[in-house]
Amino acid sequence: MRILIVTDAWSPQVNGVVRTLNALIGELRAKGHDVRTINPDGRPSWPMPLYREITLTGTSVAQMTAEIAAIAPDALHIATEGPLGWTARRVCLREGLRFTTGFHTRFAEYAAARLPLPGVLSLGWHVLRQFHRPSQAVMVPTKSIGAELERRAFSNVRIWTRGVDRSLFKPHARDRLDLPRPILLYAGRLAVEKGIDDFIRLKTSGTKVLAGDGPERARLEKLAPDAHFLGFLHGEDYARTLAAADVMVFPSRTDTFGLVMLEAMACGTPVAAYNAPSPLDVVEDGVTGAIAETLEESVTRALTLDRAGVCEGSMRFSWKSCADMFESWLVPCGTIRARRTSSLFASSLPR
């Protein structure tokens, strides 16, 4: 099957959406599928207002139509609600193409956190609902997120879970961090919606370590001068840092999945999280981590867990299962009408 994925999130961005799509594409190709992408590479882009680390990428309807026609996919998936995603959606609706969509990010909450004005949250959810309304399958990473979307009048919601690379994320030697223990690790973007202030305010012995970067870093460094800020880590360096921690603290209440939780668990590091959507679906309380109303309680309980049991409990997640589920929700997309294809494709070629 030839599968087209349209995405605004792409390398060099460092986030769970990019990691998910890269792993998914690898698994789909291993299954014999011809996977193509329409992504930001080689296109005009500009920083996102209020979040300059993320770039937005534009293209015209004519160009998008021509690219989709040239690829001639059997199935089309729109992964993100950015400019490329909206343009692909417009083309699909105009040309009568069926498509699926992915719900990766709670943009309504993120917008409200950065612009705390009346109506921002409800407007954000209205926009997201409109974007996904024509989708044949709105793929969400957890049951709790799916249930929330259904409460918000989203239709065609389907569960599409995540996986972990077990050749990289595994119980490494725990010598990467030579710091007083217990070592409490936060990993991810340093952004306002991640709840990192709650992590910083934790009253506990040991050392706080933050792996990641983002717009909140300077403020957080002033707030927590005794914490260790490592910046973005990659590959084995990142995996060994996860394995060296005594507990991974996940303070977010807005993430739709939180790949870092799964990656930490695969390394044997228990997760401490709030009683909130996503941790409820990813963390097995008392086995792979601890879920509680306060982070102090969840950290205390997580530190008592057996690391071998944490790693074993993470085995129910795999990228193969992720790819199988994704494939099962795809629909035949149809073809762009021939009478328009030739002229649009010709107009998109370099002159």
Side-chain angles (χ1 to χ4, degrees), residues 1-13 15-43 59 63-80 84-85 87-89 91-92 95-104 132 134-142 146 156-170 234-235 239 256-257 259 262-263 266 314-338 341 345:
M1 187 191 323
R2 181 173 298 163
I3 302 168
L4 172 59
I5 298 175
V6 181
T7 177
D8 295 87
W10 202 244
S11 301
Q13 293 181 32
N15 56 50
V17 180
V18 175
R19 295 210 302 281
T20 294
L21 292 178
N22 283 333
L24 170 68
I25 290 169
E27 289 290 338
L28 290 173
R29 286 175 175 164
K31 289 162 66 73
H33 295 296
D34 177 8
V35 185
R36 313 287 183 90
T37 65
I38 293 177
N39 63 63
D41 279 353
R43 304 176 196 273
T59 193
Q63 178 68 28
M64 179 67 72
T65 306
E67 291 186 48
I68 293 174
I71 293 171
D74 300 303
L76 194 157
H77 179 75
I78 303 175
T80 54
L84 291 179
T87 305
R89 176 188 181 276
V91 170
C92 288
E95 299 294 336
L97 303 180
R98 301 167 78 218
F99 61 95
T100 59
T101 56
F103 186 89
H104 294 269
H132 292 281
S135 174
Q136 300 297 306
V138 183
M139 301 190 202
V140 301
T142 66
N156 299 323
V157 175
R158 303 289 184 267
I159 307 302
W160 169 42
T161 190
R162 300 293 185 262
V164 63
D165 179 0
R166 297 190 183 280
S167 67
L168 178 62
F169 298 101
K170 56 188 178 182
H234 304 278
T256 57
F257 189 87
L259 274 179
L262 188 50
E263 291 162 349
S314 74
M315 293 294 180
R316 62 193 177 99
F317 295 95
S318 74
W319 285 121
K320 182 181 182 305
S321 295
C322 170
D324 290 343
M325 295 178 75
F326 177 85
E327 182 185 8
S328 73
W329 300 131
L330 294 175
V331 297
C333 66
T335 57
I336 291 178
R337 293 187 291 273
T341 300
F345 184 60

Q: For the residue pair Thr65 and Glu95, establish whether any side-chain heavy-atom pair is separated by less than 4.5 Å.
A: yes

Q: Among Leu21, Leu24, Ile5, which residue meets the side chain to side chain contact (heavy atoms under 4.5 Å, CB included) test with Val35?
A: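 With Val35 as partner, side chain to side chain contact (heavy atoms under 4.5 Å, CB included) holds for just one option, Ile5.
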
Q: For a 4.5 angstrom cut-off between non-hydrogen side-chain atoms, does Pro40 reach Leu84?
A: yes

Q: In chain order, what residues pass the ring-ring contact (aromatic ring centres under 6.0 Å, His included) check against Phe169, with sequence neighbours excluded?
A: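 With neighbours one apart ignored, the set is Tyr238.
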
Q: Minimum heavy-atom separation for Val17 and Ala9, please, with both atom names.
A: CG1-CB, 3.7 Å

Q: As an exercise, state the distance from CE of Met139 to CZ of Phe103, rounded to the nearest 0.5 Å.
A: 14.5 Å

Q: Among all residues two or more places apart in sequence or in another chain, which pass the side chain to side chain contact (heavy atoms under 4.5 Å, CB included) test with Ile71?
A: Arg2, Leu4, Arg36, Ile38, Pro73

Q: Give a yes or no on whether the backbone of Thr101 and the side-chain of Ser135 come within a donor-acceptor separation of less than 3.5 Å.
A: yes

Q: Test side-chain contact (heavy atoms from CB on, under 4.5 Å) on Arg98 and Leu76; report intermediate values, then the result.
A: CA-CA 7 Å; Arg98 301 167 78 218; Leu76 194 157; over 6 Å; no

Q: In chain order, what residues pass the side chain to side chain contact (heavy atoms under 4.5 Å, CB included) check against Pro134, with sequence neighbours excluded?
A: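 Residues passing side chain to side chain contact (heavy atoms under 4.5 Å, CB included) with Pro134: Arg89, Leu93, Phe99.
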
Q: For Asp74 and Pro332, indicate whether the former's side chain and the latter's backbone hold a donor-acceptor pair under 3.5 Å.
A: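 Absent.
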
Q: Treating Ser11 as the side-chain partner and Gln13 as the backbone partner, does any N or O pair qualify as donor plus acceptor under 3.5 Å?
A: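 It does not hold such a pair.
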
Q: In chain order, what residues pass the side chain to side chain contact (heavy atoms under 4.5 Å, CB included) check against Arg166, with sequence neighbours excluded?
A: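 Counting only residues at least two positions away or on another chain, Arg166 forms a side chain to side chain contact (heavy atoms under 4.5 Å, CB included) with Val164, Ala266, Ser314, Met315.
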
Q: Which residues pass the side-chain hydrogen bond (donor to acceptor under 3.5 Å, both in side chains) test with Thr256, sequence neighbours left out?
A: none

Q: Who pairs with Arg316 by salt bridge (charged side-chain N to carboxylate O under 4.0 Å, His left out), at least two apart in sequence or on another chain?
A: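 Arg316 satisfies salt bridge (charged side-chain N to carboxylate O under 4.0 Å, His left out) with no other residue.
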
Q: Which residues satisfy the side-chain hydrogen bond (donor to acceptor under 3.5 Å, both in side chains) test with Glu327, sequence neighbours excluded?
A: Lys31, His33

Q: For the residue pair His104 and Trp160, does the interplanar ring angle fall in the parallel (under 30°), tilted (30 to 60°) or perpendicular (over 60°) class?
A: perpendicular

Q: Return the set of residues passing side chain to side chain contact (heavy atoms under 4.5 Å, CB included) with Asn39 (not counting sequence neighbours), or none when no residue passes.
A: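 Thr7, Trp10, Thr37, Asp41.
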
Q: Is Thr20 close to Leu259 at the side-chain level, that is, under 4.5 Å between some pair of heavy atoms?
A: yes

Q: Do you know the tightest heavy-atom contact between Val6 and Met64?
A: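 Here Val6 and Met64 meet closest at CG1-CE, 4.3 Å.
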
Q: Roughly how far, to the nearest 0.5 Å, is CZ of Phe326 from OG1 of Thr100?
A: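 Output value for this atom pair is 5.5 Å.
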
Q: Any pair with a residue in residues 17-27 that passes salt bridge (Lys or Arg N to Asp or Glu O under 4.0 Å), sequence neighbours left out, goes on the list, sorted by first then second residue, please.
A: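 As it turns out, the salt bridge (Lys or Arg N to Asp or Glu O under 4.0 Å) pairs with a partner in residues 17-27, which skip direct neighbours, are Arg19-Glu263.
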
Q: Within this structure, what is the CG-CE distance for the pair Asp34 and Met1, rounded to the nearest 0.5 Å?
A: 11.0 Å

Q: Taking the side chain as every heavy atom from C-beta outward, state whether Arg162 and Phe317 have any pair of such atoms under 4.5 Å apart.
A: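 In short, these two side chains do not touch, never coming nearer than 4.5 Å.
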
Q: What pairs with Arg158 under side-chain hydrogen bond (donor to acceptor under 3.5 Å, both in side chains), at least two apart in sequence or on another chain?
A: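 Partners of Arg158 under the side-chain hydrogen bond (donor to acceptor under 3.5 Å, both in side chains) test: none.
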
Q: Looking at Gly163 and Cys322, what are the two nearest heavy atoms and their distance?
A: N-CB, 4.5 Å

Q: According to side-chain hydrogen bond (donor to acceptor under 3.5 Å, both in side chains), who are the partners of Thr87, at least two apart in sequence or on a separate chain?
A: none

Q: Spell out, as yes or no, whether a donor-acceptor pair under 3.5 Å connects the side chain of Thr80 to the backbone of Asp8.
A: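 Yes; at least one donor-acceptor contact below 3.5 Å.
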
Q: Write down the atom of Ile159, the atom of Met325, and the distance for their closest heavy-atom approach.
A: O-CE, 3.0 Å

